[in-house]
Amino acid sequence: METTGGIIRCGGASYALLGLLLLATLTRISALSVTVNDVECIYEYVLYEGDTVSGNFVVVDHDIFWSSDHPGIDFTATSPAGNIVHTLKGTSGDKFEFKAPKSGMYKFCFHNPYSTPETVSFYIHVGHIPTEHDLAKDEHLDPINVKLAELKEALESVTAEQKYLKARDTRHRHSMILLLFLNYLFIFLLLSFYP
């Protein structure tokens with residue numbers, strides 16, 4: 001990098017470094033991907049009773065490998081006491097949200113009834129909106145802190161929706177590529193048998 005009359009000029013190495021920094025930032029944005037053979041569980045700690053636990057999951061390549069009789073993936077969220085707080089049966093992806101009945105370690109399990117491994121893109125968020133009694137007793141800042149916490153939760157919801165839609169888009173792109181390939185193969189075979 002050199003400076004000429006107040007203008008900073010960057011060489012190729014500076015651009016490469018900038019590109020690596022951007023790439024490193026993008027890799028931290030992705031959601032968790034889990035390969036489910038039979039049962040796979042993910043654990044998340046919830047600090048406060050009554051916190052909102054929300055998230056989503058998508059089976060990434062279900063359109064390619066699943067036949068019409070595939071039962072889908074089962075999803076179960078279990079509280080620290082062992083009670084099931086949320087369950088979804090036979091789906092290729094969905095959103096979930098529930099209020100935590102107590103604080104502690106929650107277990108989120110995926111069950112795949114078929115022996116074919118499935119890749120599941122999974123995102124979870126535990127949100128806590130403090131009440132005015134939970135905050136410091138500064139009367140002027142309490143309403144602002146509550147609104148900021150609500151805004152943070154709304155932003156997390158939008159981020160979760162974006163990740164869910166991106167995972168669904170990836171799944172649909174895979175199925176469209178397969179369909180396009182099969183169409184080209186059919187046309188090729190049809191043209192090769194007719195002179």
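Along the sequence shown, residues carry numbers from 1.
Lys107 has its side chain within reach of Cys109: a pair of non-hydrogen atoms, C-beta onward, lies under 4.5 Å apart. Two residues are said to be in side-chain contact when any heavy atoms from C-beta on lie closer than 4.5 Å; Val46 and Val53 meet this criterion. Residues Glu44 and Val126 have side chains in contact (heavy-atom distance under 4.5 Å, counting atoms from C-beta outward). For the pair Asn37 and Asn112, the minimum side-chain heavy-atom distance is 4.5 Å or more. The side-chain heavy atoms of Cys41 and Phe108, taken from C-beta on, include no pair separated by under 4.5 Å. Ser79 is listed as a side-chain neighbour of Val85, based on a closest heavy-atom distance under 4.5 Å. Side-chain contact between Arg171 and Ser92 is present, with at least one heavy-atom pair separated by less than 4.5 Å. Taking 4.5 Å as the limit, some side-chain heavy atom of Phe122 sits within range of a side-chain heavy atom of Ile42.
Interatomic distance, CG of Leu165 versus CG of Asn56, reported as 8.5 Å (0.5 Å rounding).
Just one residue in the list Lys166, His172, Arg173 forms a side chain to side chain donor-acceptor pair (under 3.5 Å) with Asp169, and that residue is Arg173.
Counted by atom type alone, Lys95 and Ser54 present zero donor-acceptor pairs between their side chains at under 3.5 Å. A donor-acceptor pair shorter than 3.5 Å cannot be found between the side chains of Glu40 and His111. A side-chain donor from one of Tyr123 and Glu156 sits under 3.5 Å from a side-chain acceptor of the other.
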Full working for side chain to side chain donor-acceptor pair (under 3.5 Å) between Glu97 and His86: CA-CA 8 Å; Glu97 182 174 329; His86 195 82; over 6 Å; no

Derivation of the ring pair (Phe, Tyr, Trp, His ring centres under 6.0 Å) call for Phe57 and Phe75: CA-CA 9 Å; Phe57 67 95; Phe75 170 77; 5.1 Å; yes

Full working for side-chain contact (heavy atoms from CB on, under 4.5 Å) between Thr78 and Asn83: CA-CA 5 Å; Thr78 308; Asn83 302 327; 5.9 Å; no

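The environment of OH in Tyr45 is crowded: more than 12 heavy-atom neighbours from other residues, nucleotides or ligands sit within 6.0 Å. The number of heavy-atom neighbours closer than 6.0 Å to CE of Met176, taken from other residues, nucleotides and ligands shown, is 12 or below. A 6.0 Å sphere centred on CZ of Phe98 holds more than 12 heavy atoms belonging to other residues, nucleotides or ligands.
Linking Ile, Leu, Val, Met, Phe, Trp and Tyr residues whenever their side-chain heavy atoms come within less than 4.5 Å leaves Leu180 and Leu191 in two separate clusters. No chain of hydrophobic side-chain contacts below 4.5 Å, direct or via other Ile, Leu, Val, Met, Phe, Trp or Tyr residues, connects Val58 to Leu88. Hydrophobic clustering, with ILVMFWY side chains joined whenever heavy atoms are under 4.5 angstrom apart, groups Met105 together with Leu47.
When all heavy atoms are compared, the tightest approach of Lys102 to Ala81 is CD-CB, 4.3 Å. A pairwise comparison of heavy atoms in Asp51 and Gly127 identifies CB-O, 3.3 Å as the closest pair. Between Pro117 and Thr35, the shortest heavy-atom distance links the atoms CB-CG2, 3.8 Å.
With sequence neighbours excluded, the residues forming a side-chain contact (heavy atoms from CB on, under 4.5 Å) with Asn183 are Leu179, listed by chain and number. Not a single ring-ring contact (aromatic ring centres under 6.0 Å, His included) links Tyr164 to another residue, sequence neighbours left out.
Thr159 places a side-chain N or O within donor-acceptor distance of the main-chain N or O of Leu155, the cut-off being under 3.5 Å.
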